[in-house]
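Source: prediction; values computed, not measured. Residue numbers run from 1 in the order of the sequence given.
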Amino acid sequence: MKLVKFSTITLLALILSACDNGQAPSQRGTLVSIAAQGETSQAPDVANLSVGVVTEADDSKKAMQDNAEQMDSLMKAIKKAGIAKKDIQTSGVSLSPRYHYQRDQKPKIVGYTARNTVNIKVRELDKLGTVLDDLTAAGANQINGPSFEIGEPGPVKAEAREKALIDAQERATIYAKALGMKVRRIVSISEQGSGGMPRPMMMRGQMESMKDSASTPIAPGETTVSVNLDLVFELE
């Protein structure tokens with residue numbers, strides 16, 4: 001686990017002396033607004049990949065047929081690798097013409113390019129390198145990724161949230177002591193957007209061949225989850 005990193009403190013002192021709906025004036029107090037961030041790091045356990053097949057042919061039908069055959073082989077390899085159906089999703093299928101350009105002439109279609117891409121999740125990271133090699137051997141010639149994530153981020157976020165809260169409380173106490181006061185209560189708490197910040201080894205681009213002697217090396221690193229809190233304390 002890494003140490004907590006905290007954002008810049010925003011200190012706002014307001015003296016309350018207004019009446020509320022005709023009732024008695026509220027007790028005078030000082031409000032302190034503090035922004036805190038808590039961070040927790042953990043090794044990811046899920047890898048996201050985009051894998052696909054790109055084929056070319058002189059006519060559109062041939063390009064699509066070749067692509068379908070090669071994609072069928074790839075899908076079988078994905079399932080053989082133990083990827084669950086819920087972790088396989090088609091992200092795009094396309095067919096586009098290829099043009100030949102000549103000066104002072106209209107572009108001429110000289111062939112077609114077909115693409116079929118799926119997004120997959122690999123939940124056994126120790127097998128990720130082997131999975132990449134197997135998919136390439138099965139016909140994948142376009143691979144993007146991986147990006148890493150924590151499959152169950154709830155407990156990690158809870159820890160980061162607690163760190164942010166403790167830091168804010170400690171700083172509120174420091175301000176109160178410096179002013180000769182004490183913390184009376186927390187007036188409000190709001191949580192800003194939070195999420196994971198992966199630090200993966202990125203591999204992006206087309207892959208035509210791989211060595212058979214060893215599997216593709218992968219370094220998942222760590223994923224940092226952060227939570228940002230805005231708290232308002234009342235001092236007395």
Could you pull out the closest heavy-atom pair between [X] and [Y], with the gap in Å?
X	Y	value
Ala63	Ala114	O-CB, 3.6 Å
Gly38	Lys163	CA-CB, 4.3 Å
Ser41	Thr224	OG-OG1, 2.8 Å
Lys157	Val227	O-CG2, 3.7 Å
Ala81	Val131	CB-CG2, 4.2 Å

For [X], run the side chain to side chain contact (heavy atoms under 4.5 Å, CB included) check against [options] and tell me which one passes.
X	options	answer
Ile83	Val118, Ile78, Leu49	Ile78
Phe233	Gln169, Arg171, Arg185, Arg184	Gln169
Val187	Val232, Leu231, Val32	Val232

Would a 4.5 Å heavy-atom cut-off, applied to side chains only, mark [X] and [Y] as touching?
X	Y	result
Asn116	Thr90	yes
Pro146	Leu128	yes
Arg115	Ser96	yes
Ile143	Leu132	yes
Val46	Phe148	no
Ile34	Tyr175	yes
Thr117	Val51	no
Tyr112	Thr55	no

For the pair [X] (side chain) and [Y] (backbone), establish whether a donor and an acceptor sit closer than 3.5 Å, ignoring hydrogens and angles.
X	Y	result
Ser73	Ala138	yes
Thr223	Pro44	no
Asp167	Ala36	no
Gln70	Gly139	yes
Asn141	Val54	yes

I need the [X] [atom1] to [Y] [atom2] distance, nearest 0.5 Å.
X	Y	atom1	atom2	answer
Asp134	Thr216	CG	OG1	9.5 Å
Gln192	Gln37	CD	CD	11.0 Å
Gln42	Ile150	CD	CD1	4.5 Å
Glu236	Leu179	CD	CG	13.0 Å
Asp66	Met71	CG	CE	14.5 Å
Ile120	Asn48	CD1	CG	9.0 Å

Inset, instruction - Start with the C-alpha gap between Arg98 and Glu56, add the side-chain angles, then the distance that decides, and say whether side chain to side chain contact (heavy atoms under 4.5 Å, CB included) holds. - result: CA-CA 9 Å; Arg98 290 183 290 113; Glu56 295 183 345; 3.6 Å; yes
Is there a path of hydrophobic side-chain contacts, each under 4.5 Å between heavy atoms, that joins [X] and [Y]?
X	Y	answer
Val93	Leu135	no
Val183	Ile189	yes
Val110	Tyr99	no
Tyr101	Ile109	yes

Legend entry - Neighbour count above 12 (heavy atom, 6.0 Å) for Gln65 CD: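 Yes, the 6.0 Å shell around CD holds more than 12 heavy atoms from other groups.
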Inset, instruction - Evaluate whether atom CD of Gln89 has more than 12 neighbouring non-hydrogen atoms of other residues, nucleotides or ligands under 6.0 angstrom away. - result: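 Counting other residues, nucleotides and ligands, CD of Gln89 stays at 12 neighbours or fewer.
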Legend entry - Pair Asp87 + Arg123: basic N to acidic O under 4.0 Å: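 Yes, Asp87 and Arg123 are salt-bridged.
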Legend entry - Salt bridge Glu149-Lys121, side-chain N to carboxylate O under 4.0 Å: yes
Inset, instruction - Check the pair Arg161 / Glu191 against salt bridge (Lys or Arg N to Asp or Glu O under 4.0 Å), numbers first and verdict last. - result: CA-CA 9 Å; Arg161 189 175 291 114; Glu191 183 173 323; 2.8 Å; yes
Inset, instruction - Assess whether side chain to side chain contact (heavy atoms under 4.5 Å, CB included) is satisfied between Lys182 and Leu235, documenting all intermediate values. - result: CA-CA 6 Å; Lys182 65 179 181 179; Leu235 311 182; over 6 Å; no
